[in-house]
Amino acid sequence: MSPECAGWLRKTQYPPLTNYIRFYMRTSIASIHPDTGYAEIMGWVHEIRDLGGLLFLLIRDRSGFIQVTLPRKKVPPAVLVTAEGLSRESVVCVKGRVVAIEKAPGGREMIPDEIALLNRAESPLPLDVVEKVPAELDTRLDARFLDIRKPRVTAIFLIRSRVMQIIGDFFHSRGFAYVTTPKVVAAATEGGTELFPIAYFEREAFLSQSPQLYKQMMMAAGFEKVFEVGPIFRAEEHNTTKHLNEATSIDVEVSFADERHVMALLEELIVEIYSGVAEECAEQLDTLKLHNFEVPETPFPRIPYADAIEIASRRTESEIAYGEDIGTLAEKAIGEEMGVHYFIIEWPTAIKPYYAMPFEQRPEICRAFDLMHPRMELASGAQRVHLHDTLVRQIRAKGLNPESFEFYLKPFRYGMPPHAGWGLGMERLIMTMLDLGNIREAVLFPRDRHRLVP
RNA sequence: GCCCAGGUGGUGUAGCGGCCUAUCAUGUCGGCCUGUCACGCCGACGACUCGGAUUCAAAUUCCGACCUGGGCGCCA
């Protein structure tokens, strides 16, 4: 064992700073090439193949795999003893010579001088990281930390991380301010959806279902362009592959803009995300076997609600009345017809929230829109009502009491600019982009109707 | 919330009244093997969600509970 390994193996003391840096500066497995010469790697034992005279260890870190080969007669006895005692998924440090060899994965392998067992993994494992036997989602989520070690799952979250970065860059480069708004709130923002009640000292409070009211308040605050990426909580008891009780919402609000402006912004963002992922996450897309990853083309088709239900009625062979919400089956039918991302526009005012701005000439429809992927809804937005009295009228029209919205209404009396915005579901975006079958695949630790742990 | 389908070794499954001291794969342990890459071969280990009922006999049928998956509803 090298002094470095020995140093930080002693759990009771921190290693000297130089070794600490060395730890983080270790050679990542993916960066090891046939001509690397000598390397020190840290990782997990992915597989062990014992051929008798030859022992192969497949070592994995987040970046990839390398084969460590031990010719039994040639390696130091101490190294052999350590290698023979390893269990799958144990954490090891391996130092050794890098050899170019055609037969090995990646055209190189390591012949070890030293192997240090940093932490032994118990067996049996609750989950097969190698995936010789597939595990059900429920089993996988119970042992999520192991599940995430699978290259396929790692790839999803490395892409998600990159998408977060792309979103930040996109908005900052366009003059948006990144805001964070409270997730503990006093009341429902818009009624309708179920809220999670929590105890807030001696009062009752709720987990926020949407930053809607706060980002509008930032328009009143003169911020003009804001975005937020944050959690939203919905207490609905749904049980589907596309709903979560805790989700991540990408929220945007822009002053002096109407719905057309923010729709253009939204489709631009979608394209930026797809093309960024295509360019910068080629390796992860390859791991996910997404060889035909396509960047959507703009502009996305815009179809009025009236046309959408007509398509749905025709394709599902069942009459959908004007003014009905678009159900799951209708949504699928329209998606099949469209085949690409599209917007549904000109929604009936009656089925959109009170803050959606009705058209002046035809107040029965409003300036709201949904962004759809062929599989499901991704985002919804609108030009908002910025006029106090219209807003009060619309709140009443929904059967709600304006008095209970006083904290929301107040900013509208002191110079609220016209504005528009939208909210985009991060998990649905990832799910549809990466063709995942279940939205839980797009969250590290999903919260659904039944799952609160881990 | 409604409807449907399920709960069998660590994991994924077969079996669906007696042929079950329960199949197969993977895993784990032991043995053999110098180029594996789903390594191979030999041997062993390891399971019927819980409670009640029917029956000579229950993994298998019935009832209840708990848990899970899926569809729908609901849902900016």
Side-chain angles (χ1 to χ4, degrees), chain A residues 46-58 65-75 84 87-89 99 101-107 109 111 121-143 146-147 188-195 208-213 215-216 232-245 247 249-253 325-332 347 351-356 366 368-371 376-382 384 421-425 428 437-438 440 448-451:
Chain A
H46 191 70
E47 281 192 274
I48 303 168
R49 280 193 276 273
D50 187 351
L51 271 64
L54 266 181
L55 179 66
F56 296 109
L57 302 176
L58 237 200
F65 295 96
I66 192 165
Q67 175 168 285
V68 173
T69 302
L70 295 91
R72 268 207 167 76
K73 288 175 186 162
K74 294 178 191 164
V75 295
E84 284 173 342
S87 59
R88 286 162 74 216
E89 295 306 318
V99 189
I101 184 159
E102 288 277 322
K103 289 176 274 193
E109 65 183 14
I111 310 294
E122 285 180 21
S123 76
L125 298 163
L127 195 73
D128 177 19
V129 177
V130 179
E131 278 192 293
K132 281 183 185 174
V133 178
E136 287 192 6
L137 188 58
D138 190 50
T139 308
R140 293 173 49 201
L141 293 175
D142 278 341
L146 268 179
D147 186 53
T189 49
E190 55 207 67
T193 190
E194 298 285 322
L195 300 174
S208 169
Q209 62 179 135
S210 156
Q212 181 64 30
L213 307 189
K215 59 183 184 171
Q216 287 193 262
I232 55 169
F233 304 90
R234 309 266 164 108
E236 279 127 25
E237 300 190 6
H238 36 221
N239 185 212
T240 77
T241 52
K242 59 178 189 184
H243 286 94
L244 293 163
N245 291 291
S249 181
I250 302 152
D251 270 279
V252 164
E253 207 65 36
D325 218 332
I326 295 176
T328 309
L329 293 176
E331 190 177 283
K332 275 181 193 152
W347 285 80
I351 56 172
K352 280 290 175 185
Y354 56 81
Y355 50 73
C366 65
F369 60 88
D370 280 5
L371 171 66
M376 70 189 80
E377 179 185 336
L378 296 183
S380 66
R384 322 297 189 186
W422 43 256
L424 166 66
R428 289 189 175 187
N438 192 313
R440 281 155 257 234
D448 62 33
R449 176 72 188 84
H450 301 289
R451 184 171 290 278

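First the proteins, then the strands, lettered A, B, ... as listed; each starts at 1. The analysis underlying the following values was restricted to heavy atoms, covering all of them including side chains, and did not include hydrogens, waters or symmetry mates.
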Student: Kindly write out the residues that satisfy salt bridge (Lys or Arg N to Asp or Glu O under 4.0 Å) with A:K215, not counting sequence neighbours, or none if the list is empty.
Tutor: A:D251, A:E253

Student: At under 4.0 Å between heavy atoms, what does A:N438 touch on the DNA or RNA strands: base, sugar-phosphate, or nothing?
Tutor: sugar-phosphate

Student: Which letter, B, S or -, goes with each nucleotide of nucleotides 29-37 of chain B from 5' to 3', with contact meaning a protein heavy atom under 4.0 Å?
Tutor: ----BBBBB

Student: Given B:G70, B:C72, B:G1, which nucleotide is nearest the side-chain atoms of A:T328?
Tutor: B:C72

Student: Out of B:A38, B:G12, B:A76, which has the shortest distance to the side chain of A:S249?
Tutor: B:A76

Student: Calculate the interatomic distance between A:H46 atom NE2 and B:A38 atom P; express it in whole Å.
Tutor: 11 Å

Student: Distances under 3.5 Å between protein N/O atoms and the N/O atoms of nucleotides 3-8 of chain B, please, pair by pair.
Tutor:
none

Student: Applying a 4.0 Å non-hydrogen cut-off, can you work out what A:H450 is touching in the nucleic acid: base, sugar-phosphate, or nothing?
Tutor: sugar-phosphate

Student: Distance check needed: B:G69 C1' versus A:K242 NZ, whole Å only.
Tutor: 17 Å

Student: Quick check: any donor-acceptor pair below 3.5 Å linking the side-chain of A:H243 to the base of B:C75?
Tutor: yes

Student: Touch check for A:G327, heavy atoms < 4.0 angstrom, all strands: base, sugar-phosphate only, or nothing?
Tutor: sugar-phosphate

Student: My understanding is that a pair needs two contacts under 3.5 Å, Watson-Crick or G-U wobble. By that rule, which nucleotide pairs with B:U34?
Tutor: none

Student: Of all residues at least two apart in sequence or in a different chain, which pass the side chain to side chain contact (heavy atoms under 4.5 Å, CB included) check with A:H243?
Tutor: A:H238, A:T240, A:R428

Student: Choose from B:G12, B:G70, B:G1 the nucleotide whose nearest atom is closest to any side-chain atom of A:E136.
Tutor: B:G12

Student: Whole Å only: how far is the CG atom of A:L141 from the P atom of B:C67?
Tutor: 17 Å

Student: What pairs of nitrogen or oxygen atoms, one from the protein and one from nucleotides 46-49 of chain B, lie under 3.5 Å apart?
Tutor:
none

Student: Could you work out which one of B:A76, B:G70, B:C74 sits closest to the side chain of A:P211?
Tutor: B:A76

Student: Mind checking side chain to side chain donor-acceptor pair (under 3.5 Å) for A:N239 and listing every partner two or more places apart, or none if nothing turns up?
Tutor: none

Student: Round to the nearest Å and state the distance from A:H238 atom NE2 to B:G70 atom C1'.
Tutor: 15 Å

